[in-house]
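Comments concern the structure below.
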Amino acid sequence: MKVIKVFFAGLLLLPLTSCVQETTKKGDEAIERKVESILSRMTLEEKIGQMNQISSYGNIGDMSNLIKKGEVGSILNEVDPVRINALQRIAMEESRLGIPLLMARDVIHGFKTIFPIPLGQAASFNPQIVKDGARIAAIEASSVGIRWTFAPMIDIARDPRWGRIAEGCGEDTYLTSVMGAAMVEGFQGDSLNSPTSIAACPKHFVGYGAAEGGRDYNSTFIPERRLRNVYLPPFEAAVKAGATTFMTSFNDNDGVPSTGNTFILKDVLRREWGFDGIVVSDWASASEMINHGFAADSKEVAMKSVNAGVDMEMVSYTFVKELPGLIKEGKVKESTVNDAVRNILRIKYRLGLFDNPYVDEKQHVLYAPSHLEAARQAAVESAILLKNDKDVLPLQASVRTVAVVGPMANAPYEQLGTWVFDGEKARTQTPLSAIREMLGDRVQVIYEPGLAYSREKNPAGVAKAVAAAGRADVILAFVGEESILSGEAHCLADLNLQGDQGTLIAALAKTGKPVVTVVMAGRPLTIGKEVEVSAAVLYAFHPGTMGGPAIADLLWGRAVPSGKTPVTFPKMVGQIPVYYAHNNTGRPATRTETLLNDIPVEAGQTSLGNTSFYMDAGFDPLFPFGYGLSYTTFEYSNVKLSSATLKREDVLTVTFDLENTGRREGTEIAQLYVQDKVGSVTRPVKELKRFTRVTLKPGEKKNVSFELPVSELAFWNIDMARVVEAGDFGLWVAADSQSGEEVFFKVTD
Ligand code: GLC
């Protein structure tokens, strides 16, 4: 693809505040009239053709025959603007009705300029930076002709064995809701028919992240109440943010595959939430209902998918093959097909595709300096400082020699992370290159990777790295996961560092030199041993194109870490599922339990005083949700509530003082948690309800306030009604999900 890179001098990143998505809603009568007009002229075959999505394959000629026949409504995985225009021209000028194609691609965390993986972006607790990143991705992708992305992925994930935890925003319903909505607004921009807007596609609807055993595509069992209290809210928030398409998930929940699940696709998504966009299946998730044992053959696949509410079938072609017959047999009504086609045409009109189907083949806005700067800032804010003994970080001028070791120090491909189809490793700035560029000859940099890639076992390489590191003042060890070790179908039963990385860190620590461990991974890893022997640990996830400069800035104090864990880090895999918003149980852990090695031999059996914990792991995780350090310290005080007794229609105002009690400026992500003490069903011990980033200079103190409408304490209760139940509540303003002083308030009838 010939790309003439034209950079906007300084891309004005639209101050995408909470401007409501101005997509026309169904009420846009002009569009509805156009939809009805074209629908009335379509043959049944043309209608079904709009419901068919193909993945681009080499030969345009083969695809053009299908397009001319009106057998294709959308094409994914075509990113060459010349080819996109050629395909579009066939649709516009050689098909009978000239309905434009909807060109789609997985633009998950950047198109060419790659941002940190979404799990990393979630660690920023900064919806604006996430929105800006999605906006940039949309500007870059739309500049080659992509107008539909299959993102944001907002599956709640509480099992880091699941490779796709990398792609989402972690374990928390509220954080994921905020971040997902921000991505939708970033992708779609202020007006959907702007040529730089791309249709968002919240996925995978729904419950995919609860796959049994953390094994991808596996069955889930999420009862309706937990579905509504935990897994559905981010998708509802995405609809409110104006999302124009949805994608079904691969999993069967309580025996029903999402692609055939009328309850979620019609009752919830359409009737309760009023969604009027496109529902697309996942890749062959329709035909996979045969594997599920939910459909006997392609005919039943098509019938169950369409009747459940799927508008467009991704690549498995049963709609084209089976719907004409099913309609003849009365097993699918033509009105059902008409509704599906209305949804598809509506979004094509909203995107402005009928008026502007083509893309400029010469001008593309790729890797603009402002894009790269935004990606660097996102990487800075996505990094989490997990340990910093004796303030070894930021590195001081007294450090004259650093050793840069480990397989991730100079791994431009791996650093980009999962779901990167169009990013180019040649554009990646790695930690090694950034450190060398930043330090020049002021500091000697000794580079010895030791291991060529994260899975490598190479004792000789380890020895070489250790020998080199021994000459340094400080050792910077870059470890983690190759990008392929997370993402779709890439699940792990063991979350320890792969290969000889653990051995490397242990050997480096034995040199007696301070080891700063930087982890680049797609998920939380069980790094307890490495944390123990490292002086400092910085968790950067897969930080994207600009991860190197971001990490170098953080290590040398040009930037201050502010990230917080968007997901709980387990001590060991056996603790999974482990997450902060758990129920209390009838025997909650006291954290004073006698652990394995302290239990006397022939200890007496008893059922008294037992609690819910692990003898070999205790109760607490390695790092709780919402945790992260800074180069300074913060103190919370003076928490005040606007009232200790509230009605359902009230708004609770929570104020508190936050002081920077350290010696450097820093940003704290203050979090507000609530506990509903007693409910008609058991309730989580804590739920995140607000967060905010507060930047303070040394010694500066600010009075910060949160506004929390009591209505946001609503949950789906014993009667399966969404209500606020009167009663006692606990509230914490804290630095993470395990700290803070509890205060109390009541909600009264
Ligand atoms: C994949 C993924 C989905 C993606 C789609 C198209 O299997 O599950 O997230 O958008 O296929 O690539």
Side-chain angles (χ1 to χ4, degrees), residues 51-57 72-79 101-111 117-119 134 137-138 141 146-157 162-169 176 180 183-184 187 198-211 214-220 231 234-235 238 243-253 257-261 277-289 291-292 305 310-317 347 417-423 483-484 486-491 522:
M51 302 167 70
N52 185 39
Q53 181 182 62
I54 64 172
S55 184
S56 175
Y57 37 88
V72 180
S74 170
I75 298 178
L76 71 148
N77 295 332
E78 181 55 69
V79 293
L101 297 164
L102 186 45
M103 306 308 280
R105 181 69 158 179
D106 291 279
V107 183
I108 310 296
H109 52 108
F111 179 63
I117 54 171
L119 189 61
I146 302 299
R147 296 300 308 276
W148 184 11
T149 179
F150 298 132
M153 191 276 223
I154 49 178
D155 299 305
I156 297 297
W162 189 51
R164 301 196 77 165
I165 195 170
E167 243 179 288
C169 301
T176 301
M183 290 176 188
V184 167
F187 286 130
I198 62 178
C201 185
K203 69 183 185 183
H204 304 78
F205 196 57
V206 67
Y208 184 35
R215 198 172 71 243
D216 205 1
Y217 315 114
N218 205 357
S219 297
T220 60
Y231 293 90
F235 289 95
T244 45
T245 73
F246 257 58
M247 181 185 292
T248 64
S249 59
F250 285 119
N251 58 298
D252 56 322
N253 186 51
S258 298
T259 308
N261 189 326
I278 301 171
V279 172
V280 65
S281 76
D282 199 340
W283 186 284
S285 65
S287 54
E288 285 174 7
M289 292 197 289
N291 295 341
H292 275 290
S305 309
V310 176
D311 300 318
M312 188 180 279
E313 180 184 21
M314 188 186 290
V315 306
S316 42
Y317 244 93
I347 298 309
T418 186
W419 280 103
V420 170
F421 292 125
D422 305 294
S483 64
I484 199 64
S486 64
E488 183 168 354
H490 295 133
C491 304

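The shown structure was predicted, so the numbers you read here are calculated from the model rather than taken from an experiment. First listed ligand is number 1; within each ligand, the first listed atom is number 1.
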For a side-chain hydrogen bond (donor to acceptor under 3.5 Å, both in side chains) check, start with the C-alpha distance between Tyr57 and Asn77, then their side-chain angles and the critical distance, and finish with the verdict.
CA-CA 8 Å; Tyr57 37 88; Asn77 295 332; over 6 Å; no
Taking [X] for the side chain and [Y] for the main chain, is one N or O donor matched with an acceptor at less than 3.5 Å?
X      : Y      : result
Thr244 : Ile347 : no
Asp282 : Ser249 : no
His490 : Ile484 : yes
Ser74  : Leu102 : yes

Tyr208 versus Asp216, side-chain donor and acceptor atoms under 3.5 Å:
yes
Heavy-atom contacts with Phe250 under 4.0 Å: which atoms of ligand 1 show up? List them by number with element.
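The list of qualifying atoms is 7 (O), 8 (O).
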Near Lys203, which atoms of ligand 1 are under 4.0 Å from a heavy atom of that residue?
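The atoms of ligand 1 under 4.0 Å from a heavy atom of Lys203 are 3 (C), 4 (C), 9 (O), 10 (O).
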What about [X]: any of its N or O atoms under 3.5 Å from an N or O on ligand 1?
X      : result
Asp282 : yes
Trp283 : no
Tyr208 : no

Please confirm whether Met247 comes under 4.0 Å of ligand 1, counting heavy atoms of the residue only.
yes
Result of checking Asp155, Asn218, Thr220, Val206 against Asn251 for side chain to side chain contact (heavy atoms under 4.5 Å, CB included):
Thr220
Among all protein non-hydrogen atoms, which one is nearest to atom 2 (C) of ligand 1, and what is the separation to 0.1 Å?
Glu488 OE1, 3.2 Å
Please state which protein non-hydrogen atom is closest to atom 10 (O) of ligand 1 and give its distance, to 0.1 Å?
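Residue, atom and distance for the closest contact: Asp106 OD1, 2.5 Å.
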Measure Arg164 to ligand 1 on non-hydrogen atoms and call it side chain, backbone, both or neither using the 4.0 Å cut-off.
side chain
